[in-house]
Amino acid sequence: MEADLYDEFGNYIGPELDSDDDEDDLDADDRDVDEGDEDDDDEPADADDDVPGMEVVLHEDKKYYPTAEEVYGPEVETIVQEEDTQPLTEPIIKPVKNRQFTLMEQELPATVYDMEFLADLMDGPELIRNVTLCGHLHHGKTCFVDCLIEQTHPEIRKRDDVDLRYTDILFTEQERGVGIKSTPVTMVLPDSRGKSYLFNIMDTPGHVNFSDEVTSSIRISDGVVLFIDAAEGVMLNTERLIKHAVQERMAITICINKVDRLIVELKLPPTDAYYKLRHIVDEVNGLLSTYSTDENLVVSPLLGNVCFASSQYSICFTLGSFAKIYSDTYGEMILHVTSVRKFTKKAPSSNSQRSFVEFVLEPLYKILSQVVGDVDTSLPRVLDELGIHLTKEELKLNIRPLLRLVCNRFFGEFTGFVDMCVQHIPSPQEGARNKIEHTYTGGLDSDLGEAMAECDPDGPLMCHTTKMYSTEDGVQFHAFGRVLSGTIQAGQPVKVLGENYTLEDEEDSQVCTVGRLWISVARYQIEVNRVPAGNWVLIEGCDQPIVKTATITEPRGNEEAQIFRPLKFNTASVIKIAVEPVNPSELPKMLDGLRKVNKSYPSLTTKVEESGEHVILGTGELYLDCVMHDLRKMYSEIDIKVADPVVTFCETVVETSSLKCFAETPNKKNKVTMIAEPLEKGLAEDIENEVVQITWNRKKLGEFFQTKYDWDLLAARSIWAFGPDTTGPNILVDDTLPSEVDKALLGSVKDSIVQGFQWGTREGPLCDEPIRNVKFKILDAVIAQEPLHRGGGQVIPTARRVVYSAFLMATPRLMEPYYFVEVQAPADCVSAVYTVLARRRGHVTQDAPIPGSPLYTIKAFIPAIDSFGFETDLRTHTQGQAFALSVFHHWQIVPGDPLDKSIVIRPLEPQPAPHLAREFMIKTRRRKGLSEDVSISKFFDDPMLLELAKQDVVLNYPM
């Protein structure tokens with residue numbers, strides 16, 4: 001019996017069970033089945049066999065879920081995925097992502113004028129003013145526009161504690177508290193006589209990194225209003241903008257903003273405040289006389305082109321509008337109260353006050369001090385005298401809102417500002433000729449030129465776009481520009497001419513269809529169906545071919561149309577970052593993003609190095625930070641890796657070539673000889689700033705070089721080219737004599753030699769960076785007789801090679817960009833600023849107290865490559881009390897010889913100053929994927945090397 005408990009393998013299986021239980025189970029089942037049968041008698045008897053759950057179903061035939069056909073119906077195609085390709089991190093059903101990067105109004109807000117009236121004013125160019133508001137960082141441009149917005153939009157009001165900042169429409173601008181893009185605002189404003197004008201106002205960023213935005217705004221404006229903080233005075237960017245506005249031939253007016261700071265913050269007495277304000281006006285006039293040759297270009301409150309404002313308290317007046325307040329109150333008789341009261345240039349007695357202090361500043365001081373000081377007792381009486389009526393609720397307000405309210409009621413609307421712009425900034429009709437002369441590449445003597453100079457709405461269409469604004473979701477762009485002649489219609493076909501378009505080479509042009517047209521008012525847009533000459537317009541539908549600026553014209557018939565010249569910026573993009581996607585398969589997305597940021601930022605440059613890295617060039621750290629934010633979040637939504645920032649270098653020489661360098665063409669039929677030498681000081685800058693242009697005729701060009709730089713007649717008349725491009729800081733001179741060289745043959749290959757020179761100077765031999773400040777002289781040339789033997793393919797590479805060898809024989813050096821830094825700091829932080837600068841190879845040029853304030857201004861130079869993290873470092877060392885702004889200033893030679901073989905660069909160690917040039921060169925070459933060192937044999941022919949050996953020149957160059 002025991003044996004039955006185990007199977008044949010010895011595993012325990014237990015005793016056999018009785019069969020009674022089994023029978024019971026079966027009975028119960030049968031009973032169930034019987035009951036079921038009784039219920040459904042109608043069914044045939046064989047239903048017993050199909051009882052569900054009874055039959056044996058093999059595992060693979062079991063059906064857990066209904067088939068796709070049963071669920072979706074017979075006609076639906078379904079695909080079954082064997083495995084889940086979606087990572088766990090992604091939700092199965094994603095929430096709908098609303099991509100929005102700008103604050104926009106959902107519907108048109110109420111305005112104090114009809115939109116139809118605004119649209120009608122567009123047809124009268126003499127009633128339009130196109131104005132750019134510019135100024136230093138935080139000098140109150142945006143708040144000033146807010147006051148104008150509140151004046152014209154009754155429902156838009158700022159909350160007491162926060163600024164409205166209506167024109168900072170990007171979320172990034174709101175978060176950072178600084179303007180990044182220039183924003184157009186169009187509104188109807190009345191002057192002091194109640195006449196309405198259509199104002200196109202561009203609110204621009206004040207940070208020096210974004211001065212390219214100011215350039216693109218100035219291009220489509222007729223004048224600027226320069227904002228200056230009354231307490232800070234003329235700052236770094238104020239000075240640069242004055243220079244830039246003069247160069248761009250703008251009408252210049254100034255607005256001294258934040259005058260309340262003199263009273264509330266600095267607590268200056270009225271006479272001191274007068275001297276402070278006068279000091280600012282004098283300083284501006286000093287700068288104007290420095291940069292401009294026009295004697296009549298002065299600003300003065302007497303002329304009416306200076307207005308005073310305090311955006312925070314909604315104050316704005318000129319002398320004219322203040323006088324109008326007096327005349328409205330007392331009538332015209334104010335001055336004739338007694339016979340003694342008359343205005344004199346000289347003070348009648350030593351203790352008499354200036355009339356500005358007596359009639360303007362003292363009343364202002366009184367109003368502010370009454371509101372700030374004595375709200376409950378004397379304020380109602382004063383307000384009563386001034387004819388200002390406030391309700392009980394309004395009198396209970398906090399000081400700031402109350403002050404704003406009282407000043408608003410006293411000074412009224414900003415008619416002084418409107419008067420100033422109307423009188424001192426030309427209308428599009430008056431300013432057109434000046435604008436066209438300065439910006440149009442074609443002449444004014446054609447019918448088209450005349451139509452533009454007269455701002456003719458019935459002429460051929462010419463529209464100049466200078467900015468691209470992306471839509472709310474960042475998917476496409478709208479072009480923003482100014483119509484200079486003709487009328488642009490919604491839905492019309494137009495021809496878009498790019499920056500490379502010329503009458504000879506028409507490749508860069510494309511016919512597009514205009515979509516809708518809008519008038520842009522910061523956070524909302526007014527759709528219009530046509531825009532006549534003299535106005536600004538936002539255009540949909542032709543963004544695809546435009547990169548930076550464009551000229552939009554008729555698709556047919558306007559064949560002689562040329563382009564408006566590309567923008568000329570007052571800073572240089574010298575900081576460089578390399579980008580690549582974290583996931584290599586997302587490269588196309590990143591390239592698309594790069595194309596878009598390139599459209600969005602006027603002075604941004606993107607390029608691909610020979611080594612395949614994608615490089616972005618910008619003006620500074622903040623600038624590139626904003627670019628990267630847009631690239632990552634707005635335009636490509638992918639992860640992007642960024643290399644450490646570097647700067648662009650230049651290559652130059654400091655001596656004349658030690659021997660004549662020649663090179664033969666591959667077919668041995670031609671030979672060119674050159675030497676290189678440094679240019680005279682200041683000449684490179686003159687060429688870059690277009691003080692001298694290669695397009696001038698021979699005589700004029702010769703005279704310039706003879707008088708200003710002491711060149712001899714022959715050399716001055718035989719300048720062949722500037723390079724790279726037409727404004728590059730290098731010169732190619734033909735120094736051959738007719739007695740030695742056949743000039744006719746040399747002339748036949750001039751273009752090829754110039755091309756080789758341009759190519760050579762665009763990427764120099766040291767590390768593929770542009771050459772700067774070098775004069776190349778052609779000393780001798782042997783040119784083949786047959787045209788076949790002197791083709792471009794033979795001459796161009798040879799010319800480039802001889803440029804390189806002459807360059808390397810003339811003691812080459814590297815140049816690096818230097819920043820000009822302006823630091824504002826309290827007196828006790830000045831020493832810390834010196835320390836931080838000294839640690840980064842910087843040096844201070846000036847430190848002086850700011851008149852009328854407890855701060856110091858420190859001006860200094862710092863190499864751009866050492867400026868990364870400088871601002872953060874400075875804030876750390878001064879507990880955040882110092883504020884710095886830096887902007888590109890000049891190029892300077894890097895200490896040390898880049899070709900000195902004896903220098904050993906040890907990894908991860910800071911190099912002493914004399915080794916820097918070598919370090920920069922080697923690391924730049926490594927980054928670009930070039931060989932470690934410059935090998936000279938690449939650029940020297942065998943005969944040339946023999947010549948060197950003959951002359952026994954000692955070279956420390958690797959052969």
Side-chain angles (χ1 to χ4, degrees), residues 502-505 656-657 659-677 679-680 683 687 690 692-706 709 711-763 771 774-807 809-810 939 941 943-944:
T502 55
L503 293 178
E504 294 77 48
D505 173 21
T656 307
S657 301
L659 71 165
K660 298 178 185 176
C661 300
F662 63 85
E664 291 179 339
T665 50
N667 64 9
K668 303 275 184 276
K669 297 267 198 304
N670 312 283
K671 177 172 148 189
V672 181
T673 309
M674 272 193 203
I675 60 166
E677 56 184 58
L679 282 181
E680 287 81 355
L683 181 48
I687 299 175
E690 298 187 23
V692 53
Q693 294 174 10
I694 193 70
T695 49
W696 290 356
N697 62 27
R698 275 281 179 80
K699 194 155 181 254
K700 187 177 175 187
L701 202 60
E703 270 172 16
F704 175 86
F705 279 96
Q706 276 173 278
Y709 290 106
W711 285 30
D712 62 71
L713 181 73
L714 188 64
R717 289 276 172 98
S718 49
I719 292 173
W720 269 13
F722 298 156
D725 310 319
T726 48
T727 59
N730 305 287
I731 300 183
L732 176 63
V733 181
D734 168 22
D735 218 19
T736 56
L737 296 170
S739 54
E740 297 167 7
V741 175
D742 185 345
K743 286 284 191 179
L745 280 177
L746 186 58
S748 67
V749 292
K750 174 176 172 176
D751 284 348
S752 299
I753 293 180
V754 166
Q755 235 170 318
F757 157 77
Q758 300 266 15
W759 179 14
T761 49
R762 188 170 294 115
E763 33 195 56
I771 292 179
V774 184
K775 169 164 64 175
F776 292 97
K777 286 183 176 175
I778 305 172
L779 298 182
D780 187 24
V782 179
I783 307 294
Q785 293 286 339
E786 303 80 34
L788 181 67
H789 296 316
R790 51 170 200 249
Q794 295 284 343
V795 181
I796 295 175
T798 307
R800 169 175 172 247
R801 233 177 34 240
V802 73
V803 161
Y804 281 172
S805 53
F807 179 89
M809 292 277 83
F939 310 124
D941 302 1
M944 177 76 196

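Predicted model, so just to flag it, every value in this text is computed and none were measured.
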| Under 3.5 Å, is there a donor-acceptor pair between the side chain of Asn667 and the main chain of His789? |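 Such a contact is found between Asn667 side chain and His789 backbone.
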| message | Would the distance check show the side chain of Arg790 and the main-chain N or O of Ala784 forming a donor-acceptor pair, the cut-off being under 3.5 Å? | response |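 Present.
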Separation between [atom1] of [X] and [atom2] of [Y], rounded to the nearest 0.5 Å:
{"X": "Ile778", "Y": "Ile753", "atom1": "CD1", "atom2": "CD1", "result": "4.5 Å"}
{"X": "Ile731", "Y": "Ile719", "atom1": "CD1", "atom2": "CD1", "result": "5.0 Å"}
{"X": "Trp720", "Y": "Asp751", "atom1": "CH2", "atom2": "CG", "result": "9.0 Å"}
{"X": "Asn697", "Y": "Lys700", "atom1": "CG", "atom2": "NZ", "result": "7.5 Å"}
{"X": "Lys669", "Y": "Leu788", "atom1": "NZ", "atom2": "CG", "result": "9.5 Å"}
{"X": "Gln758", "Y": "Glu763", "atom1": "CD", "atom2": "CD", "result": "12.5 Å"}

| Cationic N near anionic O, under 4.0 Å, Asp725 to Arg762 |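 A salt bridge links Asp725 with Arg762.
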Might you point out which heavy atoms bring [X] and [Y] nearest each other, and give the distance in Å?
{"X": "Glu664", "Y": "Arg801", "value": "O-NH2, 3.1 Å"}
{"X": "Pro666", "Y": "Gln794", "value": "CD-OE1, 3.2 Å"}
{"X": "Gly728", "Y": "Ile687", "value": "O-CG2, 3.3 Å"}
{"X": "Ser752", "Y": "Gly792", "value": "OG-CA, 3.7 Å"}
{"X": "Ala806", "Y": "Met674", "value": "CB-O, 3.9 Å"}
{"X": "Pro724", "Y": "Ile771", "value": "CD-O, 4.4 Å"}

Heavy atoms, side chains only, cut-off 4.5 Å: are [X] and [Y] in contact?
{"X": "Asn730", "Y": "Leu679", "answer": "no"}
{"X": "Lys775", "Y": "Leu683", "answer": "no"}
{"X": "Val803", "Y": "Trp759", "answer": "no"}
{"X": "Val754", "Y": "Leu732", "answer": "yes"}
{"X": "Gln706", "Y": "Leu713", "answer": "yes"}
{"X": "Thr736", "Y": "Lys743", "answer": "yes"}
{"X": "Pro729", "Y": "Thr761", "answer": "no"}
{"X": "Thr673", "Y": "Val802", "answer": "no"}

| message | Would you say Thr665 and Asn670 are linked by a side-chain donor-acceptor pair, where the criterion is simply a distance under 3.5 Å? | response |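 Looking only at side-chain atoms, Thr665 and Asn670 do form a donor-acceptor pair, the distance falling under 3.5 Å.
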| Asp742, CG: over 12 other non-hydrogen atoms inside 6.0 angstrom |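 Above 12, so yes.
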| said: With side chain to side chain contact (heavy atoms under 4.5 Å, CB included) as the criterion, how do Thr726 and Thr695 come out once you've worked through the C-alpha distance, each side chain's angles and the decisive distance to 0.1 Å? | reply: CA-CA 8 Å; Thr726 48; Thr695 49; 5.7 Å; no
| message | List the residues meeting ring pair (Phe, Tyr, Trp, His ring centres under 6.0 Å) with Tyr804, not counting sequence neighbours, and say none if there are none. | response |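 Residues passing ring pair (Phe, Tyr, Trp, His ring centres under 6.0 Å) with Tyr804: Phe939.
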| Which class fits the ring pair Phe776 and Phe757: parallel under 30°, tilted 30 to 60°, perpendicular over 60°? |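 It falls in the perpendicular class, over 60°.
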| query | Sequence neighbours excluded, which residues qualify as salt bridge (Lys or Arg N to Asp or Glu O under 4.0 Å) partners of Lys750? | reply |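 In terms of salt bridge (Lys or Arg N to Asp or Glu O under 4.0 Å), with neighbours along the sequence ignored, Lys750 is linked to no residue.
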